There are 2 protein chains.
Amino acid sequence: MAKAGVASGVTAGGSQRSAGTRRQLVQAAIETLSSEGFAGASARTIADRAGLNQGLIFYHFGSVANLLLAALDAVSEERLQLYGAEVSTVSGPRQLVDAAERMFRSDFDAGYVTVLVEMIAGASSTPGLGAEVASRIAPWKDFARSTIEASLRGTPLDGVLPIGDLAHAVVALYLGLEMLGHLGGDPGPAFDLFSHAKQLASLVENLIPPNAPKEPA
Amino acid sequence: MAKAGVASGVTAGGSQRSAGTRRQLVQAAIETLSSEGFAGASARTIADRAGLNQGLIFYHFGSVANLLLAALDAVSEERLQLYGAEVSTVSGPRQLVDAAERMFRSDFDAGYVTVLVEMIAGASSTPGLGAEVASRIAPWKDFARSTIEASLRGTPLDGVLPIGDLAHAVVALYLGLEMLGHLGGDPGPAFDLFSHAKQLASLVENLIPPNAPKEPA
DNA sequence: GTCTATACTTGGATAGAC
DNA sequence: GTCTATCCAAGTATAGAC
C-alpha cells in the first residue's frame with residue numbers, strides 16, 4: 001500500500017494563487033505518471049518536479065490519489081475535447097481511421113494514454129480508486145461508440161455491427177497498443193495496424209459511397 | 001521510486017529447503033500482483049502473505065523487482081504451456097476462438113493476465129525493468145503469430161492477412177480487455193466479443209472447409 | 001546456507017508558522 | 001487561506017544470529 005484513501009471533492013475552489021499551484025501540481029502529476037508510472041508517482045517525486053513543497057499536495061487535494069485523479073480528469077477532458085474536434089470533420093470509415101491514427105500518434109508522443117493505463121493498472125493498489133477511475137474511463141467508451149456509429153451511417157455495415165461491443169474492443173485495443181508500444185519503446189506495430197485498417201476501411205467505402213442518402217425506415 | 005535495481009541471475013539454485021521458500025515467495029508474489037497490483041507489491045506485503053520474513057526476499061532474489069520477474073516467469077511459462085496444449089487439438093478459426101475464450105476465462109478468474117498487465121505498467125517505475133518484462137512478453141506474441149498462422153492454413157485467408165501485425169493486435173486486445181474487465185469488475189463485454197468473433201470465424205470456415213488439402217507451391 | 005533482528009530511507013500526512 | 005517544518009508509518013536492504 002502506498003497511496004491513502006480517496007476523499008471525495010477535496011478539489012476546493014479558492015483563490016487565484018491556489019488555482020495556479022493546483023495547476024502546477026496537476027501538470028507535474030501528469031508528467032510523473034507518464035515517465036515514472038503509478039508506482040513512481042509519490043507526493044515527493046511529483047512535488048519535486050513542480051518545484052513545490054510536497055505538503056501542498058495534501059492541502060490542495062487531500063491525498064496523492066486525489067491529485068492523480070485530478071490529473072486523469074485533466075488529460076481525459078482535454079483529449080476528449082480534441083478528439084471531438086478531430087472527428088467532427090470526418091465522414092466515413094477511412095477518414096475515421098485516419099483521424100484515429102493522428103490522435104494515437106500525438107497521444108503516444110505526449111504520453112497521455114500512458115496516464116490512463118497507469119491509473120487503471122494502479123487502481124487496484126488503493127481501495128476505492130477503481131470506481132473513480134472507471135467513471136473517468138466510461139466517457140471514452142461512449143465517445144468510441146457514438147463515433148463509430150456516426151461513421152458507419154450510410155454504409156452497408158450500418159446496423160449490422162454490434163457497436164457497443166466494438167467500442168469496448170476499440171478502447172481495449174487502444175490501451176493495449178499503448179502498453180506494448182511503451183514497453184518496447186517502439187509504437188511501430190501499432191501504426192502498421194492503422195495502415196491495414198485504412199485499407200479495410202477503403203474497401204468498405206468502395207462497396208458503397210460514404211454518407212449515401214439512406215431511405216427512412 | 002519503490003523497487004530497487006534489477007540484478008541479473010540472482011535466482012541461485014540451492015538446496016531443497018531454499019527451493020521451497022522461493023516457491024512460496026513466488027506464489028505469494030503472483031497473488032499480491034493480482035490483488036494489490038504492482039504498486040501494492042512491496043516486500044512486506046508479499047512476505048506477510050507467504051507467512052515469511054521479508055528479508056528472505058532479498059536473500060533469495062536480491063530485490064523485490066527480481067522476485068516479481070520470477071513471478072512473471074512462472075505465470076508466463078505455466079500459462080504458455082497450457083495454452084499450447086489447448087491449441088494443439090484445434091483446427092480452424094472457430095475452434096481457435098473457442099479455445100481463446102476458454103483460456104481468457106480461466107486467466108481472468110485466476111488473475112494471471114493481471115500479472116502481465118501490472119508488470120508492464122509497473123515497469124516504468126524501475127530502471128531496467130522494462131527490458132526484462134519485454135523479453136518475457138515476446139513469447140506471447142510469437143505464440144499468437146504461429147497459432148493464427150496454423151489456424152488459417154487451408155482457408156481463403158491464408159497468406160493474405162498480415163499475421164505479425166495481427167498477432168500484435170491480438171496480444172494488445174487481450175491485455176486491454178483484461179484491464180477493462182478487471183477495472184469494472186465485469187469481463188462481460190469481452191465475452192460478448194468472443195461470441196461475435198465465433199460467428200465471424202464460422203463465416204470464414206463456411207466459405208471453405210478448414211484444413212482442406214492445399215496445393216504445394 | 002538459511003533466516004531474523006535491526007538500520008536506514010522514502011513516503012504519507014499534519015500541526016503549526018506565515 | 002496558503003504553505004513549510006516535522007512526525008510517524010512503510011519500504012528496502014543488510015549485518016549478524018543460527
Side-chain angles (χ1 to χ4, degrees), chain A residues 1-8 10-26 28-29 32-33 36-71 122 125-129, chain B residues 1-7 10-26 28-29 32-33 36-70 122 125-129:
Chain A
M1 181 218 321
K3 278 102 193 165
V6 179
S8 18
V10 188
T11 331
S15 74
Q16 208 66 19
R17 182 166 161 211
S18 173
T21 304
R22 282 205 302 271
R23 207 183 35 75
Q24 290 182 72
L25 286 173
V26 167
T32 306
L33 275 173
E36 319 286 335
F38 183 92
S42 72
R44 290 189 139 88
T45 308
I46 295 170
D48 281 358
R49 183 180 282 261
L52 294 170
N53 186 294
Q54 59 93 19
L56 289 172
I57 287 171
F58 301 93
Y59 170 66
H60 285 290
F61 296 93
S63 69
V64 176
N66 278 337
L67 169 56
L68 298 180
L69 282 174
S125 75
T126 306
L129 189 53
Chain B
M1 182 216 321
K3 278 101 191 168
V6 179
V10 188
T11 332
S15 73
Q16 209 65 21
R17 182 166 161 212
S18 173
T21 305
R22 282 205 302 272
R23 207 183 35 71
Q24 289 182 74
L25 286 173
V26 167
T32 306
L33 275 173
E36 318 286 335
F38 182 91
S42 73
R44 289 191 139 92
T45 309
I46 296 170
D48 280 358
R49 184 180 281 260
L52 295 169
N53 186 296
Q54 58 92 19
L56 290 172
I57 287 172
F58 300 93
Y59 170 67
H60 286 289
F61 295 93
S63 71
V64 176
N66 277 335
L67 168 57
L68 297 180
L69 282 174
S125 76
T126 307
L129 190 53

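From a predicted model like this one, the values you see are computed outputs, not experimental measurements. Convention: sequence-line order gives letters A, B, ...; per-chain numbering from 1.
- Across the protein-nucleic acid pair, A/Leu67 atom CG and C/dG11 atom C1' stand 15 Å apart, rounded to whole Å.
- With contacts defined as side-chain heavy-atom distances shorter than 4.5 Å, the pair A/Tyr59/A/Thr21 does not qualify.
- Put simply, CD1 on B/Ile57 is 14 Å from C1' on D/dT14, counting in whole angstrom units.
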- Message: Could you walk me through whether B/Ser125 and A/Phe38 satisfy the side-chain contact (heavy atoms from CB on, under 4.5 Å) test, starting with their C-alpha distance in whole Å, then the side-chain angles of each, then the deciding distance to 0.1 Å, before giving a yes or no?
- Response: CA-CA 8 Å; B/Ser125 76; A/Phe38 183 92; over 6 Å; no
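- Nearest nucleotide to the B/Thr45 side chain, out of D/dT14, D/dT6, D/dG11: D/dG11.
- To the nearest 0.5 angstrom, B/His60 atom NE2 is 9.5 Å from B/Gln24 atom CD.
- Rounded to a whole Å, the CZ atom of B/Arg44 is 10 Å from the C1' atom of D/dA13.
- The CG atom of A/Leu68 sits 14 Å away from the P atom of C/dG11 (whole-angstrom rounding).
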- Task: Verify side-chain contact (heavy atoms from CB on, under 4.5 Å) between A/Leu67 and A/Phe58, making sure each step is shown before the conclusion.
- Result: CA-CA 9 Å; A/Leu67 169 56; A/Phe58 301 93; over 6 Å; no
Sort me out a list of protein N/O and nucleotides 2-4 of chain C N/O pairs below 3.5 Å, or just none if empty.
{"residue": "C/dT2", "atom": "OP1", "partner": "B/Ser15", "partner atom": "N", "Å": "3.3"}
{"residue": "C/dT2", "atom": "OP1", "partner": "B/Ser15", "partner atom": "OG", "Å": "2.3"}
{"residue": "C/dT2", "atom": "OP2", "partner": "B/Tyr59", "partner atom": "OH", "Å": "3.2"}
{"residue": "C/dT2", "atom": "O3'", "partner": "B/Arg17", "partner atom": "NE", "Å": "3.3"}
{"residue": "C/dC3", "atom": "OP1", "partner": "B/Arg17", "partner atom": "NE", "Å": "3.4"}
{"residue": "C/dC3", "atom": "OP1", "partner": "B/Thr21", "partner atom": "OG1", "Å": "3.2"}
{"residue": "C/dC3", "atom": "OP2", "partner": "B/Thr21", "partner atom": "OG1", "Å": "3.3"}
{"residue": "C/dC3", "atom": "OP2", "partner": "B/His60", "partner atom": "NE2", "Å": "2.9"}

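- Between the A/Asn66 side chain and the A/Phe61 main chain, a donor and an acceptor come within less than 3.5 Å of each other.
- Regarding A/Asp48, its CG atom lies at a distance of 12 Å from the P atom of C/dG12, rounded to whole Å.
- Here OG of B/Ser18 is found 9.5 Å from CG of B/Leu56. Values are rounded to the nearest 0.5 Å.
- In this structure, A/Phe61 places its CZ atom 18 Å from C1' of C/dG11, rounding to the nearest Å.
- At the phosphate of D/dG11, OP1 or OP2 sits under 4.0 Å from a side-chain N or O atom of B/Ser42.
- The CG-P distance, from B/Leu25 to D/dT12, rounds to 13 Å in whole Å.
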